[in-house]
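All remarks here apply to the structure that follows.
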Amino acid sequence: MNFTIEGLDQETGARAGTISTAHGHIETPIFMPVGTGGTVKAVHHKDLEESIRAEIILGNTYHLYLRPGLDVLTEAGGLHRFMSWNRPILTDSGGYQVYSLTHRRKLNPEGVTFQSHIDGSRHFFSPEKVIDIQRVIGADIIMAFDECTPYPCGHDDARKSMKMTHDWLDRCCVHFDKFTGLYGHEQSLFPIVQGSTYKDLRLDSARYIADCNRDGNAIGGLSVGEPKALMYEMTALVCEVLPRDKPRYLMGVGTPENILESIGLGVDMFDCVMPTRNARNGMLFTSEGIINIRNKKWQSDHQPIDASGSVYVDQHHSRAYLRHLFVAGEMLGPMIATMHNLSFYLWLVKEARRQILAGTFSSWKNGLTERLSRRL
RNA sequence: GGGGGAGUUCCAGAGCGGUCAAAUGGGGCAGACUGUAAAUCUGUUGGCUAAGCCUUCGGAGGUUCGAAUCCUUCCUCCCCCA
């Protein structure tokens, strides 16, 4: 994997760059749609590639391990072939499930035992096993196994958890370096900064992660309920420490505003379920604000879904029609809404990149941010 | 013609003397959602000069301190037998 920086914003820490992987280039800053179980929910690959123009998508180690399972993935020759997606893939390690499935797992220094949410069966995930699974999946970028701490988290607990995540990282690196990929293409391992909302821990963790000297670095454990000011503060702090010449990935973030702000802090990569999940629940993000398409006020609004939107559903369908689809429970509703939201997110990061390269990022961001969280 | 059953708040459907403005589900309206246990979850859903009051359980009348609940009668619908 290779990362080059093509532009730096003068007023903020924003960068425009390009990541090269075995499955193609990714222009940064980038938003990566979440495709947990081998699909970005409600969108076909053709739309994802040609209309939304996603450059990289996510998969999830825990979910793919449970379903379809490693045998099927091995037979298929990895996730790219299994799902017929030839662009880059990044897999999360299951660290988020340590957080989100907290009532279904037992954690100890060796690893985590999950009780499957599907059939209740027990599965042990160690740092080594998580690397092995991600070798079978074959993603271009794979994540170290970490513990994503909840918010709030006491300083002592956060410190212990961070220490354990660092130990797990060392084990991931050793195991990762011991073997090569199964399908002949390069894979890169990204370590993850933890440390909850504590400056001292975040700094320690960022230094530790930076010292691993991997192809890219991730920031985890944020956007778990803390105030956004704290999230920005931690992100800023960590970005100061993480190497400039490698991509920085802020995991699980976020709202359009979160993304713009974090780009300004020097983050290059983002993922979040928000555009896809919220789309399925009737919430649309636009450059003019937020639309809850189920609201009665759209009943007779025959304007395009988003007049300034770039994807074809924005121009070819009205708000009244999309509302009708949601109210009637038609599955085309979530499909159209997901296409809209993802293409808006991709537009957002593409435009950010363009503005960075043009030297106008800061003023553009400030003007847009005001409008993003409005309710239409 | 004879016998039986039923009419409840937007709908379906509980309740069968006071704790009933009335369970539950649906529908409606609104909200939440941040490395996806999510096409999910939550709130709300008669009116008002709101810790109270008013109008509601097919219509009218009655019994009772008190009725959606009991009685009389009328109207409407359904089923069975001729």
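The structure displayed is predicted, hence computed values, not measured ones. Letters A, B, ... mirror the listed sequences (proteins, then strands); counts begin at 1.
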How far, in whole Å, is [M] from [N] if one measures between their [atom1] atoms?
N     : M     : atom1 : value
B:A68 : B:A23 : P     : 15 Å
B:G47 : B:A22 : C1'   : 16 Å
B:A6  : B:U69 : C1'   : 16 Å
B:U63 : B:G18 : C1'   : 16 Å
B:U56 : B:C20 : C1'   : 11 Å
B:U49 : B:G59 : P     : 27 Å
B:G1  : B:G26 : P     : 45 Å
B:C16 : B:C70 : C1'   : 10 Å

Exercise for the section: Mind checking the CE-CD1 spacing from A:Met269 to A:Ile263? Nearest 0.5 Å is all I need. Expected result: 12.5 Å
Partner nucleotide of [N] by Watson-Crick or wobble geometry (both distances under 3.5 Å):
N     : value
B:A82 : none
B:C65 : B:G18
B:C57 : none
B:U36 : none
B:A12 : B:U24
B:U76 : B:A6
B:G31 : B:C41

Take the protein atom [atom1] of [X] and the nucleotide atom [atom2] of [N], then report the distance between them rounded to whole Å.
X        : N     : atom1 : atom2 : value
A:Ile259 : B:U34 : CD1   : C1'   : 9 Å
A:Phe285 : B:U34 : CZ    : P     : 11 Å
A:Tyr99  : B:C33 : OH    : P     : 12 Å
A:Asn292 : B:C33 : CG    : P     : 12 Å
A:Ile293 : B:G31 : CD1   : C1'   : 16 Å
A:Leu376 : B:G31 : CG    : P     : 12 Å
A:Met231 : B:U34 : CE    : P     : 12 Å
A:Leu342 : B:U36 : CG    : C1'   : 13 Å

With a non-hydrogen cut-off below 4.0 angstrom, is [X] in contact with a base, only sugar-phosphate, or nothing?
X        : result
A:Asn60  : sugar-phosphate
A:Met143 : nothing
A:Thr276 : base
A:Arg375 : sugar-phosphate
A:Glu257 : nothing
A:Val327 : sugar-phosphate
A:Asn295 : sugar-phosphate

Exercise for the section: Establish, yes or no, whether a centroid distance under 6.0 Å links the rings of A:Tyr65 and A:Tyr62. Expected result: no
Handout entry: Near-ring test A:His63/A:His117, centroid separation under 6.0 angstrom
Key = yes
Problem - A:Glu55 side chain to A:Arg87 backbone, donor-acceptor under 3.5 Å - result: no
Problem - Sidechain-backbone polar pair: A:Ser126 side chain, A:Gly111 backbone, donor-acceptor under 3.5 Å - result: no
Handout entry: B:U36 phosphate, OP1 or OP2, under 4.0 Å from A:Thr36 side-chain N/O
Key = yes
Exercise for the section: Kindly say if A:Arg67 contacts the phosphate of B:U36, meaning a side-chain N or O under 4.0 Å from OP1 or OP2. Expected result: no
Problem - A:Gln187 side chain to A:Arg135 side chain, donor-acceptor N/O pair below 3.5 angstrom - result: yes
Handout entry: Validation row: A:Leu222, A:Glu226 side chains within 4.5 angstrom (heavy atoms)
Key = yes
Exercise for the section: Assign the ring pair A:Phe145 / A:Phe125 to parallel, tilted or perpendicular, where the plane angle (0 to 90°) is split at 30° and 60°. Expected result: tilted
Practice task
Report the nucleotide, chosen from B:C29, B:U36, B:U34, that has the shortest atom-to-atom distance to any side-chain atom of A:Val34.
Solution key: B:U36
Handout entry: Syn or anti for B:A39 (syn when the glycosidic angle lies within 90° of 0)
Key = anti
Kindly list each side-chain donor-acceptor pair under 3.5 angstrom involving residues 232-244 of chain A, sequence neighbours excluded, with atom names and distances?
from	atom 1	to	atom 2	distance (Å)
A:Tyr232	OH	A:Asn258	ND2	3.0
A:Glu233	OE2	A:Lys199	NZ	3.4
A:Thr235	OG1	A:Met231	O	2.7

Handout entry: Under 4.0 Å protein heavy-atom contacts per nucleotide of nucleotides 37-44 of chain B, with B for base, S for backbone only and - for none
Key = BBSB----
Completion exercise
Students should find that the hydrophobic cluster of A:Ile131, defined by side-chain heavy atoms under 4.5 Å apart, otherwise consists of A:Ile142, A:Phe176, A:Leu189
Fill in the blank from the handout: Judged by nearest nucleotide, the residue sitting upstream toward the 5' end of RNA chain B, A:Gly221 or A:Gln299, is A:Gln299
